[in-house]
Protein chains: 2
Amino acid sequence: MSDTANRIVDIMAELIQTRGYSAVSYQDIADAIGIRKASIHYHFPSKGDLGEAVIRQYNKSLLDELEAVAADPGASASDKLEAFLEPYLSFRGDDQRVCLCGALAGEFFALPKGMQAEVTKFFEAHQGWLTNLFAACKKDGSMKMPGSPEQTARLFFGAMQGALLAKRAANDDTQIDDVATTLRALVA
Amino acid sequence: MSDTANRIVDIMAELIQTRGYSAVSYQDIADAIGIRKASIHYHFPSKGDLGEAVIRQYNKSLLDELEAVAADPGASASDKLEAFLEPYLSFRGDDQRVCLCGALAGEFFALPKGMQAEVTKFFEAHQGWLTNLFAACKKDGSMKMPGSPEQTARLFFGAMQGALLAKRAANDDTQIDDVATTLRALVA
DNA sequence: GTCTATACAAAGATAGAC
DNA sequence: GTCTATCTTTGTATAGAC
């Protein structure tokens, strides 16, 4: 992908994470990176094409991390849990973004089908990763947990997604740490 | 509020809950209830006015329920928790909606300031209600809990908001029950 | 690859008749 | 209160010069 295409994807991701997909226009992107609207269409013919590219890059970036930790024999169960939490914790501070796919999930049926499919992948992949982690922990007894591996995965995933929304809507930075701390204690 | 105004608010709520605020137009509403765009402007001069009215009605409807249960001397702590969970559980089935304010939180900075303020109120009121519930339970020992009353409130609230998004994005109805079941077990 | 120019549809909103 | 008609701006997208 060209340098310009990368800049377009990056700024689009940021704009979606702050305002949502429907509210972002090619004009917004053009203004942000100092080119013309028509140039964006050269790289991404339709807005849906761009949206898909944004989600795919986001998914890949996060999943690469998770898979690397999962495959690391030196990483403890706790290390792996922290690897899951880390991206959410990174939204602390005055960051106005939420999870890309969390934002998109809120306007799900306004999205083109191709984007919907990518959002679905994100949810399934992250919940699946957590389920695998907790299933392994259940086997070797390295973590207690409040329900089945899948139930626990869903609780953890949903709680962090919700915490991001709450942090921003209630303008309270401590939301993320509060939920992360409580989740850690549940399996400690 | 007139009958037409009520119908406008109701359909707008449903459209926001399925597609988000930015993706809904006056034309969509007009088509849905069989009137003309201009008629909507008579009742709600601007889209932001309508958005605010929608959130206010949503907030009032849910908070009235919660406050009634909180004030009911015959309601146990468990009854009160169920009253909190009930609106989330109602999204099970083939309902394509999520929580109105959960959807709006995802596109927070695309909203007019007046709407942002109403969304903030929702988050603070519901987390506050839960915090009060758990604080009372801590005093009388009627529930165990995994953290402080406020931390527990944030966990419960975020987890249910996240569960709604996950249910729809992953197209898996069991998400909501799984999370609700796990939460109940945490304080049982 | 980026630009100017433009097409075309849809958006939010207002004026004024009924 | 609802309508038709219209305004103005913005949206996505394409054509074609450079």
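Labels below follow one simple rule: chain letters A, B, ... track the order of the sequence lines, proteins then strands, and each chain is numbered from 1. A quick note: this is a predicted structure, and the numbers were derived from the prediction, not measured.
The CG-C1' distance, from Leu111(B) to dG12(C), rounds to 16 Å in whole Å. Taking atom CD on Gln27(A) and atom P on dA13(D), their separation rounds to 14 Å, with Å as the unit. Rounded to an integer number of Å, the gap from Lys37(A) NZ to dT14(D) C1' is 12 Å. Atom CZ in Arg36(A) sits roughly 21 Å away from atom P in dA15(D) (whole-Å rounding). Look at CG on Leu50(A): it is 15 Å from P on dG11(D), rounded to the nearest Å. If you take NZ of Lys47(A) and C1' of dA13(D), they are 13 Å apart, rounded to a whole angstrom. Atom C1' of nucleotide dT12(D) and atom CD1 of Ile29(A) are separated by 11 Å, given to the nearest angstrom.
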Taking it one step at a time, do Lys167(B) and Asp173(B) satisfy side-chain contact (heavy atoms from CB on, under 4.5 Å)? CA-CA 6 Å; Lys167(B) 175 251 179 182; Asp173(B) 203 44; 3.4 Å; yes
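For dT2(D), neither phosphate oxygen OP1 nor OP2 lies less than 4.0 angstrom from any side-chain nitrogen or oxygen of His41(B). Contact between the side-chain N/O atoms of Ser25(B) and the OP1/OP2 oxygens of dA10(C) is not found at any separation under 4.0 Å. One finds a side-chain N or O of Tyr42(B) lying less than 4.0 angstrom from the OP1 or OP2 phosphate oxygen of dG1(D). Within the structure, a side-chain polar atom (N or O) of Ser39(A) is placed less than 4.0 Å from OP1 or OP2 of dC3(C). Residue Thr4(A) places at least one side-chain N or O closer than 4.0 Å to OP1 or OP2 of dT2(C).
Tyr26(B) comes within 4.0 angstrom of sugar-phosphate atoms only, judged by non-hydrogen atoms across all strands, and of no base.
Relative orientation of the Phe156(B) and Phe134(B) rings is perpendicular, given thresholds of 30° and 60° on the angle between their planes.
Annotation: cation-pi pair Lys47(A)/Tyr21(A) present, NZ/CZ under 6.0 Å from the ring centroid and within 45° of its normal.
Annotation: the span from Gln17(B) atom CD to Glu107(A) atom CD amounts to 14.5 Å, rounded to 0.5 Å.
Proximity note for Ser2(A) (side chain, C-beta onward) versus dG1(C), dC3(D), dA13(C): the nearest is dG1(C).
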